Protein chains: 2
Amino acid sequence: MRTDYLISDIPTPAVLLDKQRLAANCQRMSDRAARAGVQLRPHLKTAKSAQVAALATAGQFGGITVSTLAEMRYFFDAGYRDLTYAVGIVPPKMAAIEELMEQGARIRIVLDSVAAVESLAARPTRYRGEVPVLIEIDCGGHRAGVSAQSEELLAIAQCIAATSGLTLDGVLTHAGHSYHANSTAARTEIAEAERDAAVLAAQRLRAAGHACRTVSIGSTPTALTDIPLDGVTEIRPGVYVFFDLSQAALGVCELEDIAASVLATVIGHQHESGHLLIDAGALALSKDVSASEFRSDVGYGLVCDLDGKLIPGLHVADAHQEHGFVKSTEGALAFERFPIGSRLRVLPNHACMTVAPYDAYYVLTGDGPSLQRWDKTSGW
Amino acid sequence: MRTDYLISDIPTPAVLLDKQRLAANCQRMSDRAARAGVQLRPHLKTAKSAQVAALATAGQFGGITVSTLAEMRYFFDAGYRDLTYAVGIVPPKMAAIEELMEQGARIRIVLDSVAAVESLAARPTRYRGEVPVLIEIDCGGHRAGVSAQSEELLAIAQCIAATSGLTLDGVLTHAGHSYHANSTAARTEIAEAERDAAVLAAQRLRAAGHACRTVSIGSTPTALTDIPLDGVTEIRPGVYVFFDLSQAALGVCELEDIAASVLATVIGHQHESGHLLIDAGALALSKDVSASEFRSDVGYGLVCDLDGKLIPGLHVADAHQEHGFVKSTEGALAFERFPIGSRLRVLPNHACMTVAPYDAYYVLTGDGPSLQRWDKTSGW
């Protein structure tokens with residue numbers, strides 16, 4: 001396998017990573033965790049790459065978060081042994097988890113109901129070890145989890161305690177609704193609610209006689225507030241490694257922090273309609289337009305030159321399966337600047353969605369023109 | 001590799017295919033092509049699978065259409081030799097094409113400008129054969145292509161004729177704007193414009209002394225009108241093999257024709273918010289909500305039981321990366337019908353986008369409970 005590429009050699013579409021930005025983003029979150037006195041368990045659902053994980057876990061305790069069994073197996077093969085599978089568990093997924101636990105992994109599973117505990121208790125299994133369980137808490141996003149104040153929280157803990165093979169490890173919450181908060185005040189309020197929900201749940205569990213070692217919170221926007229995190233043991237942000245236009249639109253990062261971009265080739269000029277066609281379309285960019293909630297000029301992505309410098313006004317206005325439509329919001333598009341065969345870079349609207357289908361990253365190291373190829377996983 | 005699975009064994013999320021519906025959809029398009037007296041060159045960008053291609057090309061001449069180099073290589077390896085790469089060509093993609101042509105493939109490339117011809121003419125190449133070229137015509141969708149009436153059409157043809165190694169093979173157009181036409185009258189009008197543009201372009205080229213063997217048109221909605229196709233040589237529809245909620249919303253198919261669905265597991269109950277959580281989220285379903293242009297009740301997909309029977313009112317109302325939110329539009333959701341660990345099937349909003357990231361299909365053959373696993377390609 002070659003490990004160095006020139007940007008002109010890379011087949012498009014492809015995802016480029018700026019290693020210096022990536023490292024700076026990882027450092028920023030590391031610093032935040034250190035200041036707050038909590039562990040950082042990065043959520044690798046965004047990057048799905050062992051080399052990115054190495055940067056994200058540098059100086060940390062080595063635990064990571066995953067969202068699919070494919071990520072779990074991939075990161076186990078890459079040497080990670082302390083994993084949280086942060087999506088509600090169901091019995092058919094336990095065999096894959098137990099297989100890795102028998103090989104030395106420690107995998108926390110997540111659930112949010114007595115019914116889920118009962119379904120696990122009833123599963124056929126030959127596994128003889130203890131599976132650590134986190135109870136998911138709803139801190140206001142209303143996606144999953146039980147309320148920290150609820151009776152069900154204690155009922156779940158009791159049910160876990162009564163089930164052989166399951167051990168309560170703690171609580172976990174995720175303030176996903178912070179992705180819709182575009183002011184520091186609003187994010188701080190959500191971050192406080194996230195922390196308070198997790199800490200209250202842990203206190204109630206302990207008061208009821210349950211051990212609650214892990215108090216896990218985290219989303220990138222809330223993790224990057226400056227609130228104290230007393231009572232919290234770990235944070236699990238994910239998208240901060242790359243950032244994206246959505247995070248920039250929220251004010252969580254600057255455009256200059258975005259470490260991932262899609263390399264695309266100009267494949268056509270449509271003078272009458274006023275657009276360039278590029279070979280990065282809806283599959284290469286995703287159809288996620290989250291940033292549009294707060295910015296009207298972004299479309300499916302903002303467009304940069306090959307050096308990563310934003311070209312004012314240029315954005316992907318529409319996306320068909322393999323065709324992206326690049327338009328300008330600043331007067332007539334200067335077609336002559338973008339000849340057919342020339343290349344551009346598109347900043348992703350929502351990095352988790354954009355990079356998911358690729359099987360590799362091409363990495364600009366900042367050290368000469370050659371790029372490294374980093375592998376990644378995808379699918380389930 | 002196992003070739004038979006039970007639906008309870010299949011890890012979720014996964015794409016199920018109903019082989020009887022798939023075969024009926026393929027037959028419907030075959031019949032249409034036969035009635036119109038044109039060849040059917042199915043666009044395999046939707047299915048990306050050799051076994052689906054075998055059904056789609058059954059009884060046809062064997063030519064297919066692709067939209068990525070990955071599809072091109074995959075279908076070549078599966079035995080297909082007559083391929084049209086129907087996305088505007090740029091020189092860096094020619095090496096892969098020429099490599100397969102040296103191994104016996106005939107690959108038509110597509111372009112729509114003199115500049116594109118000139119960039120090909122200037123490419124470094126060791127290939128000594130002739131590359132067949134289709135000129136892309138804009139029939140009203142304004143994505144790519146030149147106008148059939150334009151001077152540039154003839155200029156492109158002349159430039160191809162003057163370039164050694166390139167041979168004009170014909171014209172190609174795609175009425176992608178038919179995806180926004182939800183009446184038979186509107187579709188018929190677009191279909192006529194599509195046909196007329198391609199035929200006029202061919203006539204003008206021939207009148208100017210150029211050979212124009214191929215006159216290629218096609219989108220699923222226009223191909224399934226009943227207009228005469230005199231002067232056309234082939235159609236290139238794609239999504240008809242599976243159909244989807246978008247096509248049903250347009251009136252091009254019935255819900256009962258949809259051959260692809262995403263198998264998902266119920267991973268949580270949120271009584272207060274009134275939703276089921278499933279493990280098919282934005283990556284498993286895609287964030288494409290095309291059908292919403294004409295139906296407000298679809299969201300990210302309509303929900304069926306394991307037998308594929310629609311559950312009235314149930315739809316995927318929201319989608320995070322690995323979480324789908326299933327809600328009901330028909331009163332309170334009957335949570336007890338969908339216990340944690342139970343399975344559902346989600347009809348895709350836009351099948352091309354939904355199935356793309358998967359590496360396999362699980363196929364219900366209609367012949368007993370066991371499913372076949374069909375491979376597919378993905379990425380670029």
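As the structure is a computational prediction, the values presented were derived from the model and not from experiment. Each chain gets a letter, A, B and so on, in the order its sequence line appears, and its residues count up from 1.
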Asker: Decide if atom CD of B/E272 counts as having more than 12 heavy atoms of other residues, nucleotides or ligands within a radius under 6.0 Å.
Answerer: no
Asker: What's the spacing between A/K376 NZ and A/S49 OG if we round to 0.5 Å?
Answerer: 8.0 Å
Asker: Which answer fits A/P92, side chain, backbone, both or neither, if we ask what part of it has an atom under 4.5 Å from a heavy atom of chain B?
Answerer: side chain
Asker: What part of A/S113 gets within 4.5 angstrom of chain B, counting heavy atoms only: side chain, backbone, both, or neither?
Answerer: side chain
Asker: Looking only at heavy atoms and a cut-off of under 4.5 Å, which of A/H271, A/H350, A/H142 has the most pairs with chain B?
Answerer: A/H142
Asker: Do you know the tightest heavy-atom contact between B/C159 and B/V117?
Answerer: SG-CG1, 3.6 Å
Asker: Highest number of heavy-atom pairs under 4.5 Å with chain A: which of B/A115, B/G268, B/A282, B/P339?
Answerer: B/A282
Asker: B/H275: which residues meet the side-chain hydrogen bond (donor to acceptor under 3.5 Å, both in side chains) condition with it, sequence neighbours left out?
Answerer: none
Asker: Taking atom types as modelled and ignoring hydrogens, do the side chains of A/H320 and B/R143 form a donor-acceptor contact shorter than 3.5 angstrom?
Answerer: yes
Asker: Looking only at non-hydrogen atoms, find the nearest pair between A/P11 and A/Y362 and report the distance.
Answerer: CD-OH, 4.4 Å
Asker: Go through B/G176, B/P357, B/G145 and name the one with the most non-hydrogen pairs under 4.5 angstrom from chain A.
Answerer: B/G145
Asker: To the nearest 0.5 angstrom, please state how far the OG atom of B/S342 sits from the CZ atom of B/R337.
Answerer: 10.0 Å
Asker: Examine whether an atom of A/H323 lies under 4.5 Å from a heavy atom of chain B, and if so say whether it belongs to the side chain, the backbone or both; otherwise answer neither.
Answerer: side chain
Asker: If you round to the nearest 0.5 Å, how far is CG of A/D359 from CH2 of B/W380?
Answerer: 9.0 Å
Asker: Where does B/S378 contact chain A at under 4.5 Å (heavy atoms): side chain, backbone, both or neither?
Answerer: neither
Asker: Say whether B/Y74 and B/D375, considering side chains only, have a donor N or O and an acceptor N or O under 3.5 Å apart.
Answerer: yes
Asker: Shorter than 4.5 Å, heavy atoms on both sides: which option in A/A144, A/G341, A/S8 has the most such pairs with chain B?
Answerer: A/A144
Asker: Name the region of A/A284, side chain, backbone, both or neither, that has any atom closer than 4.5 Å to a heavy atom of chain B.
Answerer: both
Asker: Of the backbone (N, CA, C, O) and the side chain (C-beta and beyond), which part of A/L283 lies under 4.5 Å from a heavy atom of chain B, both, or neither?
Answerer: both
Asker: For chain A, which residues from residues 66-73 of chain B lie under 4.5 Å away (heavy-atom distances)?
Answerer: B/S67, B/T68
Asker: With only heavy atoms counted, which part of B/V266 is less than 4.5 Å from chain A, the side chain, the backbone, both or neither?
Answerer: backbone
Asker: Give, as side chain, backbone, both or neither, the part of A/R123 having an atom under 4.5 angstrom from any heavy atom of chain B.
Answerer: neither
Asker: Give, for atom CG of A/D288 and atom CD of B/Q321, the distance between the pair rounded to the nearest 0.5 Å.
Answerer: 10.0 Å
Asker: Where on A/D279 is there a heavy atom nearer than 4.5 Å to chain B: the side chain, the backbone, both, or neither?
Answerer: side chain
Asker: At a 4.5 Å cut-off on heavy atoms, which part of A/V289 comes close to chain B: side chain, backbone, both, or neither?
Answerer: neither
Asker: Are A/T84 and A/T65 close enough that a side-chain donor and a side-chain acceptor fall under 3.5 Å?
Answerer: no
Asker: Identify the heavy atoms of A/A280 and A/V262 that sit nearest to each other, and give their distance.
Answerer: CB-CG1, 3.9 Å
Asker: Answer yes if the side chains of A/S147 and A/Q149 hold a donor-acceptor pair under 3.5 Å, and no otherwise.
Answerer: yes
Asker: Just give me the residue among A/S119, A/A96, A/C352, A/G379 that pairs up with chain B most often, heavy atom to heavy atom, under 4.5 Å.
Answerer: A/C352
